[in-house]
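The structure under discussion appears below in the form of structure tokens.
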Amino acid sequence: MRRAIGLKTALKAAPVVLAFALMLFVSWRRWADLIVDYGREVYVPWQLSHGSLLYRDIASFYGPLSNYWNSLLFRVFGESILSIQLFNILLIALLAYIIYRFFESEDEPLAPTVISIAFIVLFALGKHFNLGSYNYVAPYSHELVHGVSLAFAAIYFFKLFIKEQKPVRAFLTGLFTGLVLLAKMEIALALIMAVCAGFAILLFKKERRGPEKAFKPFGLFIAGAALPVIAFIGYFSVYMGVAGAVRSVFSSWTVVAGTGIASSRFYMAVTGMDNLAVNIKGMITAASWYLLLLVPLLINYLLRKSPLAVRYGGIAAFIVTGALLGYFAGAIPWDLLFWPLPVFAAAIAVYSGVRLLFAMEDESARSLSLFVFSVFSCLMLLKILFVTRVYGYGFVLAMPATLLVFYTLLSWIPARLKRSWASSGIFRYSVLAALMVMLCVYSIKSYRLYKMQDYAVGKGGDTLVAAGFSGGKGVEILLEQIEKVMAPEDDFIMLPEGTLVNYLSRRKNPVKYTSFLPSDMTIYGEGTILAAIREAPPDFIILISRDTIEYGAHYMGQDYGHEIFSFITEEYADVVRIGNMGFLEKSVSMSQPLGIVIMKRR
């Protein structure tokens, strides 16, 4: 019996493993953007592994967990980007396993398989455009990936706690929640509110059994959450005092509250608040595509009493739906189908919560954990509320809601249809076919985009494969020029960003700031950043043609950072110019080769 169960489980998991292997093969070492964001993700851990202290020596407005974890990987396995990336691949596998186990259902055995594949293809290893590092192997922010992975672990242990009522499960739920607090603020807020909502329902249901039994698990949850936070505050207190440690550990919270960054043009565009009426209209239009689900639903209802339809209807629906959607795949706006996710996730959360509160649903592990997960999914979407996509920030923020909606369509709705109509095969397999076509479309898109990257930069474990025209070749030439014009002890800073070059050349940035984007000017202040540069002037400064139009300003020195740029032109002289220099006069586009200026201190 055990052998049969093990074989059955292996067969169900095999498609997930195959999809994971294929996506890894196609994307191998093509995950990172050489210029945008990713440099910070390796430079900071590298510096921490050499004795620097986060917040004091290196500015950061994220939690400390991810940078210190990655620095530990450097210490244990050596200085290699591949060390971090291999751990992240392992993390994807663990997260896929948690997702599979969380969504396991007797109602639809295929649901966890499809949902796990969707996680891998759409989010973990998918590529939706050429700019940025929006995947789980080389993310633009490890805090996001670590945070969402730990949040899934917390919700999974909450489910186990409900099922087994073991106090250690409540403590572990809190422990993982505390670790999320040390990673990313928005994920921590979403998780805390979701788990607290779950505990509130448990307390409401169990209040008749005595307050001690009701509040003890919640107390263990709080204790578990406090433990890692206290540990990090204690560590930083040794170097900067308790007050400084608290400010540093929770710096991301104070940045949002005290700098006005949340109301900047960039973040208004991210949430969709910059063009609210148009985005709401787009959300409604995108939601109308889901009316097509009424077709298989109606057919399922009309043929619910037909023995032939009950037996063969699902197979026929799968073939017909798959063929039709496959034929018209190029005409379907797949990206827009994720736009109404906030509405669907909120509806699921409200419905499941009402059923739990008013005793229409028991507080079983499945029903209560799905309610917690649905609340978490809703809150994760707040940052991209009116422009929800699977790409950009959506590679993490839209992931839980997407999986929730897929589960609802594949398992939850069909299970209720089967209880009401005794048959749900036509609807169930129509949805399954639609999702499989969607995953094929996104797999092909990712394959084409990854294959455009064919230029290797770096050596050994630091090898990264990028598009040669837009950055790979320019970065390689830059690394060669650095070795030619700089002495072994020379240091430099990259403006407005590009600390990956510091790491690849193993040369320190003497300034505590790792990027000089418009957002950094808002958070820290241009005067503060300039003072830091004056205090520890680098031997060289390297300017690159990084167009920051997403922030509402194109190029540093032309549209922002005027004081810093003026200081540079006075104190530094050109040594080498590479590529297109139009960015110095705002006459270059992002499609042109990388422009680079190496400047030496006079």
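These figures come from a predicted structure and were not determined experimentally. Throughout, numbering of the chain's residues begins at 1 and tracks the sequence.
Listed by chain and number, the residues in a side chain to side chain donor-acceptor pair (under 3.5 Å) with His50 are Trp46, Glu79 (sequence neighbours excluded). Under the rule for a ring pair (Phe, Tyr, Trp, His ring centres under 6.0 Å), the partners of Tyr134 that lie at least two apart in sequence or sit in another chain are Phe129, Tyr140, Phe395. For the side chain to side chain contact (heavy atoms under 4.5 Å, CB included) test, residues two or more places apart in sequence or in another chain that qualify with Ala573 are Arg602. Not counting sequence neighbours, Asn135 has no partner by the side chain to side chain donor-acceptor pair (under 3.5 Å) test.
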All N/O donor-acceptor pairs, side-chain side in residues 225-249, below 3.5 Å, sequence neighbours left out:
residue: Ser237; atom: OG; partner: Ile233; partner atom: O; Å: 2.6
residue: Ser248; atom: OG; partner: Gly244; partner atom: O; Å: 2.9

Distance-only criterion, 3.5 Å: show the donor-acceptor pairs between side-chain atoms of residues 264-273 and protein atoms not counting sequence neighbours.
residue: Ser264; atom: OG; partner: Ile261; partner atom: O; Å: 2.8
residue: Thr271; atom: OG1; partner: Tyr267; partner atom: O; Å: 3.2
residue: Thr271; atom: OG1; partner: Met268; partner atom: O; Å: 3.0
residue: Thr271; atom: OG1; partner: Met273; partner atom: N; Å: 3.3

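When only modelled atom types and interatomic distance are considered, His554 and Asp547 share a side-chain donor-acceptor pair under 3.5 Å. Between the side chains of Asn509 and Tyr503, no donor-acceptor pair of N or O atoms lies under 3.5 Å. For the residue pair His142 / Asn67, no side-chain donor-acceptor distance below 3.5 Å is found, with atom types taken as modelled. In summary, the side chains of Lys127 and Gln453 do present a donor paired with an acceptor at a separation below 3.5 Å, with no hydrogens or angles considered. One side chain, Ser515 or Asp520, offers a donor N or O that lies under 3.5 Å from an acceptor on the other.
Proximity of the aromatic rings of Phe119 and Tyr136 is defined here by a centroid distance below 6.0 angstrom, and this criterion is met. Two rings, from Phe87 and Trp69, have their centers less than 6.0 Å apart.
Note on Asp462 versus Arg506: salt bridge recorded, some NZ/NE/NH1/NH2 to OD/OE distance being below 4.0 Å. A salt bridge links Lys445 with Asp335; the closest basic N to acidic carboxylate O contact falls under 4.0 Å. The pair Glu571-Arg601 does not meet the salt-bridge criterion, since no charged nitrogen lies less than 4.0 angstrom from a carboxylate oxygen. Look at Asp454 and Lys451 and you find no salt bridge, because none of the NZ, NE, NH1 or NH2 atoms lies under 4.0 Å from a carboxylate O.
A ring pair (Phe, Tyr, Trp, His ring centres under 6.0 Å) with His128 holds for exactly one of Tyr393, Tyr442, Phe338, Phe123; it is Tyr442.
Remark: the backbone N or O of Leu91 is not paired with any side-chain donor or acceptor of Asn88 at under 3.5 angstrom.
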Next item on the list: Let me see the working for Glu476 and Tyr455 under side chain to side chain donor-acceptor pair (under 3.5 Å), right down to the final yes or no.
Entry: CA-CA 9 Å; Glu476 183 181 57; Tyr455 201 95; 2.3 Å; yes
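Under the 30°/60° scheme for interplanar angles, the aromatic rings of Phe61 and Tyr524 are found to be tilted.
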